[in-house]
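A short worksheet on the structure shown next.
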Amino acid sequence: MEMRQDPLALGAGPLTIKAVVAVARQRRTVALGPLVAPRIAAARAVVERLAEAEVPVYGLTTGLGAGVDTRLTADDLIAFQHRAVPARAVGVGPRLPTDTLRAMMLVRAAGYAAGGSGASPTMLHALVAALNAGFHPLVPSEGSIGADDLAPLAHLGRALLGDPDAEVEVGGDILPADAALARAGLAPPVLGLKDGHAVVVANALSVGQGCLVLEDARVALDALDAAATLSCEGFRAQLEPLDLRVQQARPAPGQAEAAARLRALLAGSDLEKPGAARRLQDPLSFRCLAPVHGAARVTLEAAREPVSIELNAAADNPLVAVAEAGTEGGMLHNGNFDMTALVLRFEALGQALAHVATMAAHRMMKLMSPAVSDLPRFLTPQGQSRTGFATVQKTIAALEAEIRHLALPASLSVLPVADGIEDHASMAPAVVAKIGEIVGRLRWLTAIELAAAAQAVDLRGPLVLGTGTRAVHAFVRNLVAPLEEDRAQGPDFERLAQSIAAGALQQAVAASG
């Protein structure tokens, strides 16, 4: 979806997750703030001075990786920068989606604008121009271990440099990079000192994709709240667990806020009346909604912190420290590219999403069981000569199992590389990507719960739903008809999932008041 917005001014203020999403998915344009040019010039002066003095600096006057012990000759400094980019274009696998690619490009541009790379303005201007022109290189998704996303950034860099063997999408056409530059009205940048190294020395894929995953997870959790409350309506669940006094008695992280969101969706429901619930105590997948959904929200918010830090950091190695009073400035070798803090938060988020997914699966199974729900088996109004939602249980079980598998840690070990020098890595791209896969499966589970819960509500007969749950039920019925006779339900679930991803369910609930 495209949306007209003022250009995002890099360097004019903190870069936000919301802004990254807007550039990635709404094609918001990008400009450079007034502080960027002097910041880059000051850092560039340090780089040029150290190169002239032949000071040993990683990637400037020495080789990279295990080649740090190799000094570059003066006449090889620029040529080395041209070799550094294609030498790291070693990625394989499916190409990055366009929104992920654009997020990566923006995050790398933000890193340049922070001034710590010491690179000349050439690649920054090239990145910004490419984003604004819709110049989208085809970048393989596999090849980074999270100690800087070298491979994907190298594939991006070789396309920006016009390598005819690199492919680029422009205006819906796939072209060689040199032809794509010409089609987009762009020129390849001229590399100078350190510029080739600066192209790749960032975690821009991990951070950019992390922004999109966090936004998708937020939308998915909103939708799951809606589905869970509609299940409460169909199950005729006990609402005492959402009572404010319960939350005050044990103020667990996020629990009171989750209970308030769920109560708001159910406000006005018959379930608020004494004796309306069918049972004194419901299964835990209903009774523990507030603590579990609350914990998931807290974990989601915790994952935003390291991403926000990375968006506004100068994490290059080596890092340029510009001249200050009494100093000439210098370049500091460091490990600021390490993404362990971000990865640990995302691993926790994956486990939190697995908890809510498992609860959703259990709720659906309960709705379909007449022994627990007092509804027709498999929610079919035509009796057991019809399948109803019976086979859907297999899809639920498959999705839930895959989510639990993806929630297992992926970052606890890594094969040492670079002749053993690089013996630790966070596996950030793999971790962020698998959380994105969890979110996608959670959307499908939520879509199925919406369909099953709406069917349960209809089977109960006339009910007074809450203001929010009435809107949720109407949202489902606008997309999916009640299941009277057996039909293929996969397309129903896909329509619902796509609408969830687009934020349509959130909008429907918000419009209900």
Side-chain angles (χ1 to χ4, degrees), residues 17 20 58-59 64-66 84 87-97 100-101 103-108 110-111 116-117 139-157 197-214 217 302-319 333-351 406-439:
I17 294 171
V20 174
Y58 182 73
L64 296 170
R88 282 152 187 80
V90 294
V92 296
R95 269 41 181 179
L96 295 175
T100 302
L101 172 75
M104 179 178 77
M105 294 169 71
L106 175 63
V107 172
R108 187 62 197 119
S117 72
V139 174
S141 57
E142 301 290 338
S144 173
I145 58 175
D148 285 332
D149 294 327
L150 305 176
L153 286 169
H155 284 277
L156 168 63
H197 182 216
V199 169
V200 301
V201 61
N203 288 296
L205 170 58
S206 305
V207 177
Q209 188 171 26
C211 292
L212 303 183
V213 168
L214 290 177
R304 295 176 67 88
E305 179 188 16
V307 172
S308 296
I309 289 171
E310 295 292 337
L311 287 178
N312 296 284
D316 297 79
N317 174 45
L319 175 71
H333 298 86
N334 65 83
N336 274 358
F337 51 81
D338 183 80
M339 298 285 280
T340 300
L342 182 147
V343 158
L344 291 176
R345 299 287 180 89
F346 270 76
E347 292 279 33
L349 176 59
Q351 293 178 23
L406 288 165
L408 295 173
S411 59
L412 292 181
S413 64
V414 65
L415 186 71
V417 298
D419 202 17
I421 299 300
E422 298 174 16
D423 53 3
H424 171 75
S426 67
M427 300 303 296
V431 171
V432 172
K434 77 186 181 78
I435 307 307
E437 292 185 45
I438 289 174
V439 172

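Every heavy atom of this structure was used, including side-chain atoms; hydrogens, water molecules and symmetry mates were not.
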query = If we ignore angles and hydrogens, is there a donor and acceptor under 3.5 Å between the side chains of Asp338 and His424?
reply = yes
note = Here the pair of heavy atoms bringing Val200 nearest to Arg88 is CG2-CD, 4.1 Å
ask   = Could you state the interatomic distance from CE (Met339) to CG (Asp148), rounded to the nearest 0.5 Å?
value = 9.0 Å
key: Distance (rounded to the nearest 0.5 Å) between Leu349 CG and Ile438 CD1   = 7.5 Å
query = Does the side chain of Pro97 reach to within under 4.5 Å of the side chain of Leu212, using non-hydrogen atoms?
reply = no
inquiry  = Once rounded to the nearest 0.5 Å, what's the spacing between atom CD of Glu347 and atom CG of Leu412?
reply    = 7.0 Å
ask   = What are the two closest non-hydrogen atoms of Leu205 and Pro152, and how far apart are they?
value = CD2-CG, 3.7 Å
request  = Could you pull out the closest heavy-atom pair between Ala410 and Lys434, with the gap in Å?
outcome  = CB-CE, 3.7 Å
query = Are the side chain of Ser141 and the backbone of Gly93 linked by a donor-acceptor contact shorter than 3.5 Å?
reply = no
ask   = Which residues satisfy the side chain to side chain contact (heavy atoms under 4.5 Å, CB included) test with Pro416, sequence neighbours excluded?
value = Asp423
ask   = Do side-chain atoms of Asn336 reach the backbone of Asn317 as a donor and acceptor pair under 3.5 angstrom?
value = no
message = Between Pro429 and Gln209, is there a side-chain heavy-atom distance shorter than 4.5 Å?
response = no
request  = Flag the pair Leu342 / Ile309 as yes when at least one side-chain heavy-atom distance between them is below 4.5 Å, and no otherwise.
outcome  = no
key: Interatomic distance, Leu96 atom CG to Glu142 atom CD [nearest 0.5 angstrom]   = 9.5 Å
request  = Measure the spacing between OG of Ser144 and CG of Asn203 and express it to the nearest 0.5 Å.
outcome  = 6.5 Å
request  = Taking all non-hydrogen atoms of both residues into account, name the closest pair between Leu214 and Arg304 and its distance.
outcome  = CD1-CA, 3.8 Å
task = Spell out, as yes or no, whether a donor-acceptor pair under 3.5 Å connects the side chain of Asp149 to the backbone of Ser206.
result = yes
ask   = Shortest non-hydrogen contact from Arg108 to Val199?
value = NE-O, 3.7 Å
ask   = If we ignore angles and hydrogens, is there a donor and acceptor under 3.5 Å between the side chains of Asp316 and Ser117?
value = no
query = Between Ser426 and Ser411, which heavy-atom pair has the shortest distance, and what is it?
reply = O-CB, 3.2 Å
request  = In sequence, state the C-alpha distance, the side-chain angles, and the governing distance for Val414 and Met427, and then conclude on side-chain contact (heavy atoms from CB on, under 4.5 Å).
outcome  = CA-CA 8 Å; Val414 65; Met427 300 303 296; 3.8 Å; yes
